[in-house]
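Below is one structure, written out as structure tokens, with a few remarks after it.
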Amino acid sequence: METYLYLTSVVGVYIGIGVFVVGMAWRIYQWSTTPKSPVRLGLFPKPATSTGRGLKMLKDTFVAPHSARIEPVMWGFAFAFHVAALAALIGHGRLVVEYTPLVRLLGGDGMSTFAAWSGGTAGIVMTVAVLFWIARRTYGPFKQLSVPEDYFLLFLLLGIIVMGNHMRFLGHVPVETYREWFQSLLVFRPVMPAEIANSNVGWSLGTHMLFVNVFLVYFPFSKLVHTIGAFSANLVRSE
Amino acid sequence: MEPQQVDTLTGVLDKKMTRQLKQYLDICARCAICKDACHQYVATGDLTYLPARRAELIRQIYKKYFTKTGEFVPALYEARDPDESLLDELYESTYACTGCRRCMYYCPFSIDTAWILSVAKAILIAADRGNEMLGQLADAALMKSDNFDMFRDIILDGFKDIEGKVKEMTGDPSAEIPVDKEGADVLYVALAGAHSILPAAAIFHEAGTNWTLSMFESANYGYFFGDAEKARRIADRFMDEAKRLGVKEVVITECGHAYRVAQFFHEAWSGEKHPFKVRHILEVIDEYIRDGRITVRHGAITEPVTYHDPCQVGRNGGIFEQPRDIVRAIASDFRDMTPNREEQWCCGGGGGLVAIAEMEDFRLKSGAKKLEQVKATGARIIASPCENCRLQLEGLNDQLDLGLTVKPVMDLVVDAMEIRR
């Protein structure tokens, strides 16, 4: 167990974050050094001012109102997934630093209850959305259009989420213990608290982190770069 | 697959690589939200016409030759060589696309599939697989400008005949079709044939515009064929004429792609700013009506009229209201289609498809959505400012014997215009 956790939750994290950061920087460098087409590809109607275009880009990226009109069900799952993923990401920020003002507001127990409910909801929403996406890719034109990358990413996500849910719903390790582990990574003096290794979530944390690391390593080389590419592509729409 | 051939085709992709294209190829999630945006996919249910799939063929080459992951693990992306089977598929999906960009409208990342397919066309041309008919039409247009002395008199004779009709129509024996007129304010670029010259000439005459007619037609088969260099040279024919004559604006006739080429592409292709404005004829006519330079009789048409937004004029050209204002000024019963404007369905005639004989059955089949929309309005007259749209709409009308009349908007204007004596 110690070795597994050391590989996935210590060494692996450094590799995952390192490749992710360098890979994304490289991706952005590649995009920014490729000359833009002088042809304007915008669709009409489009805002007349650059502020208007910027606001429309943000709306198109974060809300995708046109996609909602043509396939509301798919849009609903996609929107729910992304909101839940953002919530989960913010929740994971507690590994780095406790949100003290929020704790002061809710009280210690209140904070735990809030985290349990919000994290739990996000986990369930993400699980359902990913299962929907997997199911959607098993039939008709969606199946024909899909390539192995699509399934690989979806199953990777499913693995991450299910392991996360296991820790959230069945684990009893308090956030302080996880934070102790994660902060130790940040200061390059890695410690894996025995409380985690000896609990029922040792395996799930290890596997969660294994999938997360693979996800982070692959991210910059996958279609997931839409997380940043969508902004500029949607801006081109209004140019 | 010969390595030489691979080099040539990937070389084309490399040469055509822009930031937009790279991002489009990198970020598509294959969510297939574009599926129901495409009139061709909706009408056929054939994967070949699913927008994301059309782009996927170029992505397969890109992944294999332009990304390390695709080079080492091609199977992950189904990355492959631009071999015969890929080129066969690419030809089918690329030359079928009308470039309506309805898929881009609905895409959460606004991926311009038509732009990706313009690169696909360059690859097909490099593989000597460009559409033959479109290629011949492009070459014919260039032949005309390269050997202009041979054609000049024939063209001028044709214009004289039309001039006679303008005199009749306006009842003014001094009405004329000015050609090669230096110092004219407007260079009007028509299509081949009297139908796009006559009504405009009558309207310009009534409005008292100082205009001149271009010797060249605005249609651009180089654009449909997918050869940017030829497309630029075809547009140069009238752009150079406009510069030589020193006009203030170039007015493009009721044609979709020609307007978009003149307004949005030509400056980028030639790297020069136009010393004149470019407008669509309907923007000009709308202004004439508003300024009282011409008068049209409201109620001149009592039958129900609908308006079809050509993709290159509407969603891709930004002209939505002017044509509607013109039709409303004339017809007492105007009925818009649903959806309309930027969400309208492509009629299926764009992209040069009406010029490709073997596409006819497919093209008419792909008009199913448009037909539904037209029928739902109960209109008897369809006005549309694009020749390709009109040919397609007429084709649909004839095939089903619907008894509709398809007209350019300026024909309605001429019918309703009060001629000042």
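Letters go in sequence order (proteins before strands), and every chain restarts at 1.
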**Item:** Structural part of B/Glu343 lying under 4.5 Å from a heavy atom of chain A
**Value:** side chain
**Complete:** One option among B/Cys31, B/Ala114, B/Gly314 has the most heavy-atom pairs under 4.5 Å with chain A, and it is B/Cys31
**Prompt:** Out of B/Gly317, B/Ala37, B/Ala75, which one racks up the most heavy-atom pairs below 4.5 Å with chain A?
**Reply:** B/Gly317
**Message:** Shorter than 4.5 Å, heavy atoms on both sides: which option in B/Arg341, B/Met17, B/Lys35 has the most such pairs with chain A?
**Reply:** B/Lys35
**Complete:** What one should report as the nearest heavy-atom pair of B/Trp115 and A/Leu41 is CE3-CD2, 3.4 Å
**Item:** Selection from B/Cys28, B/Cys34, B/Ala29, B/Ala32 maximising heavy-atom pairs under 4.5 Å formed with chain A
**Value:** B/Ala29
**Contacts with chain A made by residues 43-51 of chain B (heavy-atom distance under 4.5 Å), listed by residue number** = B/Leu47, B/Leu50
**Request:** Count the heavy-atom pairs under 4.5 Å between each of B/Asp26, B/Asp36, B/Val73 and chain A, then report the option with the highest count.
**Result:** B/Asp26
**Asked** Salt bridge check: are B/Asp112 and A/Arg237 linked by an N-O gap of less than 4.0 Å?
**Response** no
**Message:** Using heavy-atom distances under 4.5 Å, tell me whether B/Thr69 contacts chain A through its side chain, its backbone, both, or neither.
**Reply:** side chain
**Asked** Mind checking whether B/Phe109 and A/His226 have parallel, tilted or perpendicular rings, split at 30° and 60°?
**Response** parallel
**Region of B/Lys68 in contact with chain A, defined by heavy-atom distances below 4.5 Å** = neither
**Message:** Non-hydrogen contacts under 4.5 angstrom with chain A: give the residues of residues 100-108 of chain B involved, or none if there are none.
**Reply:** B/Arg101, B/Met104, B/Tyr105, B/Tyr106, B/Cys107, B/Pro108
**Under 4.5 Å from any heavy atom of chain A - which part of B/Glu56** = side chain
